[in-house]
Amino acid sequence: MTGTPPLADVDRVGLTLLYKRVRNICDEMAFAMMRTAYSPIFSEGLDFSTLVLDRRGRLIATAGINPAMLGASLYAATWIIREVGPENFAEGDVFVHNDPYRGGSHLPEHMMVTPVYRDGELAAFVGNIAHLAEIGGMAPGSFAATATDIFQEGLRIPPTKLFDRGEPVRDVWRIMLANHRTPNNSWGDLHAMLGSLRVGERRVGDLIAERGIDGLNESFEQILDYAEAYMRSEILSLPDGIYTGEDCMEDDGISDRPYWIRSRIIVEGDELIFDYSRSDEQAVGPINAPYVVTLSASLNGLLYVLARDVPVNAGIVRPIKVVAPAGTITCVRLPGPCVGGQTEFQPRIMELVLGQILSQILPERAAAASGNTSLNFLFGGVDPRNGEYYAHYHFEGMGWGGRATSDGNSAQIVPHANCRNTPVEIFETKWPWVHEEYCLNDNTAGAGRHRGGLGVRRVLEVAGDVITVSALSERMKRSPWGLFGGREGSRTRLEVAAAGGEEYETFQDAFGLVSPSKFTNIRLRRGDRVRITSPSGGGYGDPLERDPARVLNDVELGFVSRGSAESVYGVVIAGGSATGDSGQDGSGGGDGAAGDPAVDEAATAELRRVMRDGVA
Amino acid sequence: MAWHELDKSWHDTTVDYCDVCGNLLIARYWSFVEPVGGETRRCCDESCERLFHRLRRIEESAPGS
């Protein structure tokens with residue numbers, strides 16, 4: 001463990017080695033799940049987390065895969081253990097749970113927990129959380145953007161025994177599989193989760209054999225104390241004060257109105273409060289967050305800029321409080337829908353915290369807004385090749401925001417989730433889609449001293465008779481914001497072209513929808529095409545301060561047009577082709593030949609002076 | 001100020017929230033009486049009671065911040 005040494009009387013080297021070993025157990029559990037899953041959302045998307053918990057259910061370590069699940073990782077297992085009672089567990093038991101009204105994030109994410117025993121004594125727990133691609137509900141892919149209560153979002157499972165002393169509880173399995181549209185995938189993915197638990201159980205068992213139950217739990221306690229002390233020392237380094245910011249969800253899929261999130265961060269000594277009590281009331285549609293999602297977003301926003309080496313476990317929460325009153329969009333009340341809270345609301349809050357608010361005191365660590373949507377695109381139907389039902393939950397890469405030291409990443413999943421998108425080869429092998437185009441969306445990044453990352457453009461053609469699609473996304477009405485003079489990024493677009501036609505129109509216009517970004521169960525026919533354009537990130541700092549050589553590089557790569565180089569960045573480029581595509585077709589540039597594009601230093605200096613001073 | 005069990009039937013599906021932070025109450029809750037108004041509040045634990053008083057103090061010292 002690096003960073004501030006807050007605990008003087010512990011063996012930090014030994015503790016570090018133990019923590020790293022527990023982290024490695026989580027990683028090994030993750031690999032087991034990735035390699036054995038049936039669904040691409042596991043094997044490609046990596047939309048899961050793996051956990052080691054102490055015998056009280058407190059999180060000790062998690063694989064650094066999906067930060068969005070942090071809130072649930074902290075609370076969902078505790079909920080299972082308290083509701084079931086530790087005395088009611090037995091060796092070989094596995095509990096499953098996906099209820100947002102019991103500490104879960106949203107229904108698709110299922111938590112599995114199993115106890116680890118030694119000589120009949122409860123020693124620890126291992127668990128995981130994973131996003132099942134299909135759990136029933138009103139739309140294939142179980143992301144119903146027009147749901148108005150949680151019962152429309154899929155099968156809700158309170159803490160339930162899935163294996164009893166190692167034996168499957170068949171009645172429970174039968175209920176679950178009967179309610180999922182793709183039960184074979186669920187079967188495989190749930191067993192991948194089980195396999196991951198078994199790996200964790202064995203490895204934690206090895207640790208217990210070496211250190212004993214009490215010894216291991218004593219060390220776990222020290223790891224928690226270390227994380228707490230580390231967080232406190234980091235918070236103490238911030239100036240006391242109240243810092244505020246706000247952003248909104250554009251609409252909830254049911255009506256056209258925005259829902260505002262109002263946050264204030266109160267720093268007092270070594271403690272910190274996130275207060276969302278002035279936020280709007282909960283939405284009718286599924287953009288609400290359960291408490292753990294708001295908690296997760298707040299912690300992740302903080303962890304991006306503060307205490308970046310801290311062991312992520314239950315210790316980090318001790319000096320932090322999150323106030324999210326029930327009945328607001330930040331803490332949904334039963335039976336409110338909330339499937340989009342995890343994917344759309346969480347990144348909105350996270351970037352509100354790490355960008356707008358913490359930039360007031362830590363400008364060098366803040367970032368401009370990313371595209372800030374998971375751009376969930378769901379589809380399902382009967383595959384004409386084999387007559388079987390299929391469904392998939394796809395999330396799209398987009399541009400991240402520029403930051404003090406670098407440009408935003410391009411074509412990357414929204415920062416809170418850390419997932420990967422679905423490769424073209426998987427798309428075309430598993431489902432009746434054909435890709436017509438998949439590329440970076442040039443000339444859209446928010447300009448800045450460090451520009452935003454680029455979004456992508458993907459065009460898919462329906463290759464089956466009928467396919468049912470749904471979407472739940474954001475940033476179609478409000479652009480990703482820039483910071484410190486950086487420009488806004490570009491917006492999301494979801495468009496459709498009828499078979500044989502060349503004209504694209506928005507789904508909203510084509511089908512008369514309330515929301516351009518949230519819709520459910522649109523039936524497309526063979527030959528119809530969908531164009532998904534993801535947003536680009538906002539810029540950081542004044543574009544006129546960008547190194548001209550970097551602007552030239554962007555022009556040569558085709559990321560920025562020559563026109564924008566001049567009109568936005570004030571950089572005049574001489575030589576090369578008119579479009580700035582030198583080198584890409586082998587016809588020019590890249591070899592130092594005369595006529596290569598180059599920055600005209602004098603003209604650039606003069607243009608920037610004029611742009612700054614406004615005097616020609 | 002005391003701990004209470006959330007005494008519920010196994011088939012009760014209602015949900016209880018902390019009156020201070022909003023988190024879900026699991027199995028039991030801590031209750032306290034507001035000094036002003038005398039309303040009884042249910043919350044996660046003693047730390048949420050302290051949070052309640054802290055937020056009130058902040059609000060009084062910097063109204064509307």
Side-chain angles (χ1 to χ4, degrees), chain A residues 57 71 74-85 99-104 150-151 156 158-159 240-244 264-269 271 273-279 282 289-292 294-295 317-328 330-336, chain B:
Chain A
L74 290 165
Y75 279 104
T78 309
W79 191 294
I80 294 175
I81 293 160
R82 283 203 202 164
E83 183 164 326
V84 174
D99 188 356
Y101 290 102
R102 282 181 169 87
I150 192 164
F151 307 108
R156 183 167 155 231
D240 280 5
I242 300 175
Y243 308 95
T244 62
R264 53 178 194 161
I265 296 180
I266 301 164
V267 180
E268 279 189 332
E271 297 192 348
I273 303 168
F274 292 94
D275 180 10
Y276 298 99
S277 55
R278 296 168 190 187
S279 300
Q282 77 181 49
Y291 182 88
V292 293
T294 301
L295 169 74
V317 197
R318 292 173 180 167
I320 294 168
K321 281 287 188 182
V322 174
V323 179
T328 67
T330 64
C331 180
V332 63
R333 261 189 199 282
L334 186 71
Chain B
M1 294 183 288
W3 283 105
H4 302 271
E5 297 299 312
L6 270 174
D7 194 15
K8 288 187 166 190
S9 158
W10 65 271
H11 53 78
D12 185 346
T13 60
T14 57
V15 172
D16 301 270
Y17 301 87
C18 172
D19 289 335
V20 179
C21 78
N23 202 355
L24 297 157
L25 299 175
I26 316 173
R28 61 182 193 154
Y29 63 91
W30 176 258
S31 79
F32 67 97
V33 178
E34 265 196 65
V36 181
E39 195 178 336
T40 301
R41 300 267 182 173
R42 300 191 313 166
C43 62
C44 303
D45 53 30
E46 299 97 318
S47 73
C48 274
E49 182 185 355
R50 289 195 296 274
L51 176 64
F52 175 85
H53 296 300
R54 201 165 156 192
L55 288 171
R56 178 148 290 189
R57 174 178 53 75
I58 290 166
E59 193 57 44
E60 285 168 359
S61 62
S65 60

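The analysis underlying the following values was restricted to heavy atoms, covering all of them including side chains, and did not include hydrogens, waters or symmetry mates. Sequence lines set the chain letters: A, B, ... in the order given, protein chains first and strands last, and positions in each chain run from 1. Computed from a predicted model, the values in this text were never measured in an experiment.
- Heavy atoms only, all atoms of each residue included: B:Gly38 and B:Val33 are closest at O-CG1, 3.4 Å.
- Both the backbone and the side chain of B:Cys48 come within contact range of chain A, each with at least one heavy atom under 4.5 Å from a heavy atom of that chain.
- A heavy-atom distance below 4.5 Å is found between the side chains of A:Pro100 and A:Ile150.
- Listed here is the closest heavy atom pair of A:Pro159 and A:Val84: CB-CG2, 4.3 Å.
- With sequence neighbours excluded, the residues satisfying side chain to side chain contact (heavy atoms under 4.5 Å, CB included) with A:Ile265 are A:Ser263, A:Val267, A:Leu272, A:Phe274, A:Val353, A:Ile357, A:Leu358.
- Looking at B:Leu25, only its backbone comes within 4.5 Å of chain A, counting heavy atoms on both sides.
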For a quick check, list the donor-acceptor atom pairs closer than 3.5 Å between chain B and chain A, or say none.
from, atom 1, to, atom 2, distance (Å)
B:Tyr17, OH, A:Val332, O, 3.2
B:Tyr17, OH, A:Leu334, N, 2.9
B:Cys21, O, A:Ala324, N, 2.8
B:Ser47, OG, A:Lys321, NZ, 2.7
B:Arg54, NE, A:Glu268, OE1, 2.9
B:Arg54, NH1, A:Glu271, OE1, 2.7
B:Arg54, NH2, A:Glu268, OE1, 3.4
B:Arg54, NH2, A:Glu271, OE1, 3.4
B:Arg57, NH1, A:Glu268, OE2, 3.4
B:Arg57, NH2, A:Glu268, OE1, 3.4
B:Arg57, NH2, A:Glu268, OE2, 3.4
B:Glu59, OE1, A:Arg278, NH2, 3.1
B:Gly64, O, A:Arg278, NH1, 3.3
B:Ser65, O, A:Arg264, NH1, 2.8
B:Ser65, O, A:Arg278, NH1, 2.6
B:Ser65, O, A:Arg278, NH2, 3.1

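- Taking both residues in full, the closest heavy atoms of B:Val20 and B:Cys43 are given as CG2-CB, 4.0 Å, listed atom of the first, atom of the second, then distance.
- At a 4.5 Å heavy-atom cutoff, the contact between B:Leu51 and chain A is made by side-chain atoms alone.
- Partners of A:Val317 according to the side chain to side chain contact (heavy atoms under 4.5 Å, CB included) rule, which considers only residues two or more places apart in sequence or in another chain, are A:Leu74, A:Leu295, A:Leu299.
- Scanning all heavy atoms of the two residues, the minimum distance from A:Ala324 to A:Cys331 falls at O-CB, 3.0 Å.
- Contact annotation for A:Leu334: both backbone and side-chain heavy atoms come within less than 4.5 Å of a heavy atom of chain B.
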